[in-house]
Amino acid sequence: MSKYPAGENNSYILLRQRAIPDLDNLDIYRQHGGFTVLEKAITSMKPDEVIEVVKGSGLRGRGGAGFPTGLKWSFIDKDNWPHYVVANADESEPGTFKDREIMEGNPYQFLEGIAICAYAIQSSAAYIYLRGEFWQISANLDRHIEALGVAGLLGDNLFGSDYSLHIYTHLGAGAYICGEETALLESMGGKLGQPRLRPPFPPSFGLFGKPTVVNNVETLTNVPPIVERGAEWYRTMGTEKSSGPKIFSLSGRVSRPGNYELPLGTTFRELIYEHGGGIPNGRSIKAIMAAGASSALIVANDEALDTPMDYESVPALGAQLGSASVIVIDDSISIPWLINKTTHFFKHESCGKCTPCREGTYWMMHLTDRIANANATQEDVALLHAVASQIRGKCLCALGEFSIEPVLSGIERFKADFDTAVSETNNN
Amino acid sequence: MLAEKYTTEIQTILAKYPPEERRAAVMPLLYLVQRDQLYVDRHSMSEIAEILGISTTEVASVVGFYSLYYDQPGGKYRIQVCTDLPCALRGAEQFMEQLCQRLGIKPGETTSDGLFTVEPVMCLASCDKAPMFQVQSGGGLAYYEDQTVENALALIEQLRTEAASKGSAKRKDEYE
Ligand SMILES: Cc1cc2nc3c(=O)[nH]c(=O)nc-3n(C[C@H](O)[C@H](O)[C@H](O)COP(=O)(O)O)c2cc1C
Ligand code: SF4
Ligand code: FES
């Protein structure tokens, strides 16, 4: 019997600890088939065969950009050695708390995923970059890695082959920008966490300047079931272009916030009302942010609620799925207040390397301070829109773009809220 | 001297990275110092610089870039309340305000006994369990989730009693 159920109701492929107690114990994980997939890969598959299976599964990166994972692995430069795997466990997008639950509850599946990825690209050293606040999780992972070494599942000559692998943890220290993969690589190298100019991309120039695969925690946790059960099985879940399960972090004004593992393509309505229990206090839903604070605001009408959450359908609403961190906004919330929160975040987290982002987030913060505090005119709102528009397309990394998403969509889609804010100024 | 006091810890940290990339050890070495003395002074920065073969200015700029390193001593305990958007949608701003009021300080200030600094922080990946905060003391860090002001005040009292009875000794559970 397989260790992964086929995705029927109430079954888990990623958050399996919810069905299997003590899965963070290596013995228990092995009793449920743990590390047989790594053994199978190393002893009976060529590295390229592993990559082909992952390619065929249609798995796309769960860290936000949705890039096809197998394709990324196949880009690794085979003329330049050594190769590295870096797991992105920076998880700092407001509204995102899924990687944490994986690493706390099902850490060995994540580690097995790293190991399979490392074998596929023939890397013998992998690093896990965790945000500094995940200090406890990092210490636990160190213990799990040690247990794997003792059990002979990590280290030299694995399963009698000539393949060796070591995994190390590395703690960040409080900087959202270090979630961006090239800033992360700079940070790991002991430098300031500021993004690099691209190309070259990490598969040719990554950690310590060597070819590197950077993948999100959730992405890597998908790998063992894919290699065990095959690409075709994986594609039975989700939609044609967005296959597989996804963990949706649901937060904000819902009755039951939390992580929900559901197939990609589940509708907003099902997530928010069926799983999340709907909107509390007799309120009604006003807006949705699907990609955490980096989201365009979606007007929560029936059409939006019935939209499948996948990498094609959400953009059709003028928004992004990102890391699928769904923040629910009810009708008591003022959008000027909301964008004031998000601009404070981005101003605080801008790494300062490029002027449009550094200066733009500063100005957006001041303008939204005034608008949110009923101390602004229509000209201020127009100026805010103009400042945000000028940032677009002029930044080195996506943070600058993220910062304007809530601002522009807020002004354009929730104009009445801004009119109210301005009229309150006039009454002051 | 750092190098003498922590010989094995430093060796373990350096062993994680390729020998020619020892600079990568700057972050874990800073944590090593901070766990010991709650902040990183200039002298420790120059010791780290020496171990890694980089300049003290480079180490200082790393300290300045990241928000979890401190170059000044603060309260013994930093109570960092997440007031970012998802938590704010669940009452975190009111929680912060009331907590500070009960402690007689403003956000960012330290209590008069020098023990507690209460400050707002950005998302801590615990958005479904707001109001929440982390308590940072040295490198030790613990999450407190689904909090009420009363809970938080009780915890603060408990920490205060422990601090009084143990003097400057560290709580063991902070490090495990
Ligand atoms: C500002 C910014 C922050 C990011 N934060 C994260 C993060 O916390 N975790 C993550 O996995 N990816 C994050 N990303 C995306 C990474 O750059 C990268 O695309 C991802 O780690 C690749 O892994 P994947 O293909 O498995 O998603 C961020 C990107 C940007 C621009
Ligand atoms: S866009 Fe902002 S965060 Fe990104 S590199 Fe430029 S200044 Fe830094
Ligand atoms: S917004 Fe507070 S933990 Fe995420």
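Each chain gets a letter, A, B and so on, in the order its sequence line appears, and its residues count up from 1. Everything numeric in this text was worked out from a predicted model, so none of it was measured.
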Report summary line: Counting heavy-atom pairs under 4.5 Å with chain B, the top scorer among A/A125, A/A175, A/G252 is A/G252
**Report entry** Interface moiety of A/L171 toward chain B, non-hydrogen atoms closer than 4.5 Å
**Finding:** both
Requested in this report: Below 4.5 Å from any heavy atom of chain B, which atoms of A/I177 appear? Answer side chain, backbone, both or neither.
Outcome: side chain
Query raised in the report: Does anything in residues 99-108 of chain B get under 4.5 Å of chain A by heavy atoms, and if so which residues?
Result: none
Query raised in the report: Side chain, backbone, both or neither: which part of A/T169 has a heavy atom under 4.5 Å from chain B?
Result: both
Requested in this report: Mind ranking A/G174, A/A173, A/P257, A/G190 by heavy-atom pairs under 4.5 Å with chain B and telling me who comes out on top?
Outcome: A/A173
Report summary line: Most heavy-atom pairs under 4.5 Å with chain B, out of A/H170, A/H348, A/K98, belong to A/H170
Query raised in the report: What parts of residues 56-71 of chain B touch chain A if we use heavy atoms and a cut-off under 4.5 Å?
Result: B/S61, B/V62, B/F65, B/Y66, B/S67, B/L68, B/Y69
Query - Region of A/R256 that comes under 4.5 Å of a non-hydrogen atom in chain B - result: neither
Query raised in the report: Non-hydrogen atoms of chain B under 4.5 Å away: do they reach the side chain of A/L192, the backbone, both or neither?
Result: both
Query raised in the report: Heavy-atom distance under 4.5 Å between the side chains of A/M188 and B/M27, does that happen here?
Result: no
Query raised in the report: Minimum heavy-atom separation for B/C127 to A/F97, with atom names?
Result: SG-CD2, 3.5 Å
Report task. Would you mind checking which part of B/Y143 comes under 4.5 Å of any heavy atom in chain A, side chain (CB onward), backbone (N, CA, C, O), both or neither? Result -> side chain
Query raised in the report: What part of A/Y127 is in contact with chain B, defined as an atom under 4.5 angstrom from a non-hydrogen atom: side chain, backbone, both or neither?
Result: side chain
Query - Pairwise distance CZ(B/R23) to NZ(A/K191) - rounded to 0.5 angstrom - result: 5.5 Å
Report summary line: Taking a cut-off of under 4.5 angstrom between non-hydrogen atoms, the residues of residues 4-16 of chain B near chain A are B/A15, B/K16
Query raised in the report: With a 4.5 angstrom heavy-atom cut-off, which part of A/T96 approaches chain B: side chain, backbone, both or neither?
Result: backbone
Query raised in the report: So which bits of residues 82-95 of chain B come within less than 4.5 Å of chain A, counting non-hydrogen atoms only?
Result: B/T83, B/D84, B/L85, B/P86, B/A88, B/L89, B/R90, B/E93
Query - Whether over 12 other heavy atoms sit under 6.0 Å from B/E47 CD - result: yes
Requested in this report: Using the six-membered ring wherever Trp is involved, compare the ring planes of B/Y17 and A/F208 and label them parallel, tilted or perpendicular (cut-offs 30° and 60°).
Outcome: perpendicular
**Report entry** Heavy-atom proximity to chain B below 4.5 Å, by part of A/S325
**Finding:** neither
Report task. Rounded to the nearest 0.5 Å, what's the gap from CD1 on A/I137 to CG on B/L141? Could you check? Result -> 10.5 Å
**Report entry** Nearest heavy atoms of A/H344 and B/M122, plus distance in Å
**Finding:** O-CE, 3.9 Å
Query raised in the report: Where on A/E93 is there a heavy atom nearer than 4.5 Å to chain B: the side chain, the backbone, both, or neither?
Result: backbone
Query raised in the report: Would A/R100 and B/E145 pass as an ion pair if we require N to O under 4.0 Å?
Result: yes
Report summary line: One should read off an interatomic distance between B/C123 SG and A/F345 CZ, to the nearest 0.5 angstrom, of 7.5 Å
